[in-house]
Trainee: 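Right, I'll just put the structure down here and ask away after.
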Amino acid sequence: MRKRFALVGAAVAALVLSLLAVVPAQAATGFTVSNGRLLDANGNDFVMRGVNHAHTWYTSSTTQALKDIKALGSNTVRVVLSSGDRWTKNDAADVADVVSQCKANRLICVLEVHDTTGYGEQSGAVTLARAAEYWLSVKSALVGQEKYVIVNIGNEPHGNTGYQNWTNDTKGAIQALRNGGLTHTIMVDAPNWGQDWAFTMRDNAASVFAADALKNTVFSIHMYGVFDTAAEINDYLNRFVTAKLPIVVGEFGHDHSDGNPDEDTIFATTQSLKLGYLGWSWSGNGGGVEYLDMVTNFNAAQLTSWGRRIFNGANGIKATSKEASVYGGGGGPTDTTPPSAPGTPSASGVTSTSATLTWSAATDDVGVTGYDVVRVSGSTETAVASPSGTSTTVTGLSAGTAYRFAVYARDAAGNRSTRSGTVDVTTRPGGGDPVGTCAVTYKVTGQWQGGFQGDVKVANTGTTAVSGWTLRWTWAGGQTVTQSWGATTTQSGAQLSAANVAYNATIPAGGSVSFGFIGSWNGTNPAPTSFALNGATCATA
């Protein structure tokens, strides 16, 4: 993804990843890959939970940044370096200092060269072969650090021109590092500005892995606008898991002008599959994507909405990160007791494309932090939502189709309950939803950190007056209403009900009523996508 330079738009092709029985990694002194999993030097499974830090542009901020990133719960940091081709070179002494600071803060250090970004399309970008030369030039800072350092050869090494060369270029760079004596786990980024919309990495990952003499390579996909649906995210990641090829989400954000990534699914699916993720980025973004900063001006006391989402939200870093055992973390927190199973969900508000699921809360000895809603098909589960409360609306369903859903509970230590009972839902036939003669206009009239003001107008588009009304909708971003006027509001989980007050109980034919509210939000603040007036679906204006 071009974060500081340009944007990418793409269509996804339908190709199939060939399966390969992966050979276990050879014995090594640091991280290894075995059976598709990343293992630390003690042989424990390691799941990255962390963020990116733009060290090469903000070297003076690194010392405090790494302390803060660790304090907020991260177990990994991906550090931006330069080979000297596009920015000031980070020499061996500087790299050694960064590694030392990572170790002092008990962070795993993923080091990446940024000068390769968008090669073939971005002016000045360099090849993976050039990046490999850089890594060998700073070899003295890397050898002996295999327990703590992963080498990410080059950031987003091809744009949308010449990306077909990614496979051979990546194999060549891996082999150059091995021939040069580096035995570290290697991470390789996808082409197409990291988003692999043409599936070049996906369909050639097995041969690239096989080209590594140590079978110690991890693949990194960057998820921005190309990954704006749950189906795309789940399909991509599950294909690697099925093929037993190690995959992490090396970059992603909550928003982007090339499209709005589905960050909630990224969080939920990586947690469900036990895959690593590294959000972009701590602070210092420019070029119109400043909204990707997690903190303002490198100040950890000023978390942005994105920062609150990735550190404190459902399936976020605080809830799921486990310190690497090489630092004595034992692979995780001392809380090993999972929550009880949630109640069997019930379905309501079923339309041709959506259904609202509600269940009774799970219990935990420390506290339940969220739920994972899954679609069940035989022995296969697909994550569809990760609400913090006991209700969610599943959207994007097909008309006249049978589905089965279940729920898991999670606690702050990342422990997951057994699965709830299942509920079967059959969506209505296309065009068969109960449609009312109403139209709703929803507006955010003001927004500030953690809060906002909303205004809702309900219009009666029919020929008969509505006497007594209740408008319902479901939040998608963890919003809650704290104050309202012109309506009496009640909330259960993500579902909000707004009922008339005495003076506006009647909506005349062709007329309308309005009400307002003050609310809070955590992570993002998307508008509701559907409204029901007295149980009938309204048009949105």
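Model, not experiment: these values are computed from the prediction. FYI, side chains are in, hydrogens and waters are out, and symmetry mates aren't considered; it's all heavy atoms of this structure.
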Trainee: Taking the inter-plane angle between the rings of Trp87 and His114 on a 0 to 90° scale, is it parallel (under 30°), tilted (30 to 60°) or perpendicular (over 60°)?
Mentor: tilted
Trainee: Could you walk me through whether Ser325 and Asn44 pass the side-chain hydrogen bond (donor to acceptor under 3.5 Å, both in side chains) test, one step at a time?
Mentor: CA-CA 7 Å; Ser325 71; Asn44 295 315; 2.8 Å; yes
Trainee: Indicate yes or no: at least one non-hydrogen side-chain atom of Arg49 is less than 4.5 angstrom from one of Thr76.
Mentor: no
Trainee: Applying disulfide bond (SG atoms under 2.5 Å apart) as the test, list every pair that has at least one member in residues 63-117; sequence neighbours left out.
Mentor: Cys102-Cys109
Trainee: Going by salt bridge (Lys or Arg N to Asp or Glu O under 4.0 Å), name the residues that satisfy it together with Glu381, two or more places apart in sequence or in a different chain.
Mentor: Arg419
Trainee: Taking only residues at least two apart or on different chains, which pairs with a member in residues 171-219 satisfy disulfide bond (SG atoms under 2.5 Å apart)?
Mentor: none
Trainee: Applying salt bridge (Lys or Arg N to Asp or Glu O under 4.0 Å), name anything that partners Asp262, two or more places apart in sequence or on another chain.
Mentor: none
Trainee: Mind jotting down which residue pairs meet the ring pair (Phe, Tyr, Trp, His ring centres under 6.0 Å) criterion with at least one end in residues 59-80? Sequence neighbours excluded, please.
Mentor: none
Trainee: Give me the ring orientation class for Phe267 and Trp306: parallel if the planes are under 30° apart, tilted from 30 to 60°, perpendicular past 60°.
Mentor: tilted
Trainee: Measure from the side-chain N and O atoms of Thr185 to the backbone N and O of Phe31, and report whether any donor-acceptor pair falls under 3.5 Å.
Mentor: yes
Trainee: Would you mind listing every salt bridge (charged side-chain N to carboxylate O under 4.0 Å, His left out) that reaches into residues 179-195, with sequence neighbours excluded?
Mentor: Arg78-Asp189
Trainee: Got a sec, which residues hit ring-ring contact (aromatic ring centres under 6.0 Å, His included) with Tyr134, two or more places apart in sequence or on another chain?
Mentor: none
Trainee: Does Thr529 have any side-chain contact (heavy atoms from CB on, under 4.5 Å) partners at least two apart in sequence or in another chain, and if so, which?
Mentor: none
Trainee: We want to know whether Gln271 and Asp372 form a side-chain donor-acceptor pair, criterion being a heavy-atom distance below 3.5 angstrom.
Mentor: no
Trainee: Using the six-membered ring wherever Trp is involved, compare the ring planes of Tyr224 and His256 and label them parallel, tilted or perpendicular (cut-offs 30° and 60°).
Mentor: perpendicular
Trainee: My understanding is that only residues two or more places apart in sequence, or in another chain, count here; which of them pass salt bridge (Lys or Arg N to Asp or Glu O under 4.0 Å) with Asp228?
Mentor: none
Trainee: Assert yes or no for the condition that the ring centre distance of Trp280 to His222 is strictly below 6.0 Å.
Mentor: no
Trainee: Just jot down the ring-ring contact (aromatic ring centres under 6.0 Å, His included) partners of Tyr119, sequence neighbours excluded, or say none.
Mentor: His158
Trainee: Test of understanding: with ring-ring contact (aromatic ring centres under 6.0 Å, His included), list the residues that count as partners of Tyr163, not counting sequence neighbours.
Mentor: Trp197
Trainee: Got a sec: does the NZ of Lys103 have more than 12 other heavy atoms crowding it under 6.0 Å?
Mentor: yes
Trainee: Check the orientation of Trp475 and Phe452. Use parallel for under 30°, tilted for 30 to 60°, and perpendicular for over 60°.
Mentor: perpendicular
Trainee: For residues 89-98, pull every pair meeting side-chain hydrogen bond (donor to acceptor under 3.5 Å, both in side chains), keeping only residues two or more places apart or in separate chains.
Mentor: His55-Asp94, Thr56-Asn90, Asn90-Asp94, Asp97-Gln101
Trainee: Do Tyr327 and Tyr148 make the cut of ring centroids closer than 6.0 angstrom?
Mentor: yes
